[in-house]
Amino acid sequence: MRIITTLAIAVALVGGATTAMADMPGPDWMPVEGVMQQLRMAGYTRIIQIEADDGYWEGEGIKDGRKMEFHVDQRTGLIVY
């Protein structure tokens, strides 16, 4: 019985971790290539990471020689913060 309980807890923990991963962009989202172009126009010289998460394109890039995080509106491509 203890093995089954331990297994159930492990499955629950793994299941919870997978739901915290990045979202899938919707059909009405700006394509990632367009978002990257907007980021370059805003001064980002390198995009390190970009993913769809919590209704935004989120990630990290290099701007003004510093590593910075960004959040981009999924439809307009405007940098929110």
Side-chain angles (χ1 to χ4, degrees):
M1 186 66 160
R2 184 177 185 139
I3 294 173
I4 294 173
T5 304
T6 305
L7 181 58
I9 292 170
V11 169
L13 290 174
V14 171
T18 57
T19 58
M21 296 177 77
D23 302 330
M24 294 296 296
D28 58 340
W29 282 43
M30 176 180 277
V32 70
E33 295 83 13
V35 174
M36 291 178 69
Q37 182 178 9
Q38 291 289 100
L39 290 166
R40 286 189 199 99
M41 289 175 26
Y44 284 84
T45 55
R46 182 172 161 226
I47 309 304
I48 299 168
Q49 173 188 1
I50 188 167
E51 64 185 12
D53 195 26
D54 296 331
Y56 295 96
W57 285 109
E58 298 180 354
E60 295 179 341
I62 304 296
K63 182 176 180 179
D64 299 327
R66 296 185 332 214
K67 186 175 176 180
M68 300 179 68
E69 291 184 11
F70 57 80
H71 290 75
V72 178
D73 184 273
Q74 78 274 23
R75 292 185 183 96
T76 66
L78 295 176
I79 300 170
V80 187
Y81 56 94

Name every donor-acceptor pair, under 3.5 Å, that has one atom in a side chain of residues 32-49 and the other anywhere in the protein, sequence neighbours excluded.
unit_1, atom_1, unit_2, atom_2, d
Thr45, OG1, Ile62, O, 3.3

Qualifying residues under salt bridge (Lys or Arg N to Asp or Glu O under 4.0 Å), relative to Glu60, sequence neighbours excluded: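 Scan of Glu60 (salt bridge (Lys or Arg N to Asp or Glu O under 4.0 Å), adjacent residues dropped) gives Lys67.
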Roughly how far, to the nearest 0.5 Å, is the CG atom of Asp23 from the CH2 atom of Trp57?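 Rounded to the nearest 0.5 Å, the CH2-CG separation comes to 10.0 Å.
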NZ/Lys63 to CD1/Ile79 distance, rounded to the nearest 0.5 angstrom?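 Reported value, rounded in 0.5 Å steps: 6.0 Å.
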Treating Ile, Leu, Val, Met, Phe, Trp and Tyr as nodes and any side-chain heavy-atom pair under 4.5 angstrom as an edge, say whether Tyr56 and Trp29 lie in one connected cluster.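 No, because Tyr56 and Trp29 fall into different hydrophobic clusters, even though each may have its own neighbours under 4.5 Å.
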Treating Ile, Leu, Val, Met, Phe, Trp and Tyr as nodes and any side-chain heavy-atom pair under 4.5 angstrom as an edge, say whether Ile50 and Met68 lie in one connected cluster.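 Yes.
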side-chain hydrogen bond (donor to acceptor under 3.5 Å, both in side chains) partners of residues 69-81, not counting sequence neighbours, each pair once: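 side-chain hydrogen bond (donor to acceptor under 3.5 Å, both in side chains) check on residues 69-81 returns Asp28-Arg75, Glu58-His71, Asp73-Thr76.
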Heavy-atom closest pair, residues Phe70 and Gly61: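 It is CE2-N, 3.9 Å.
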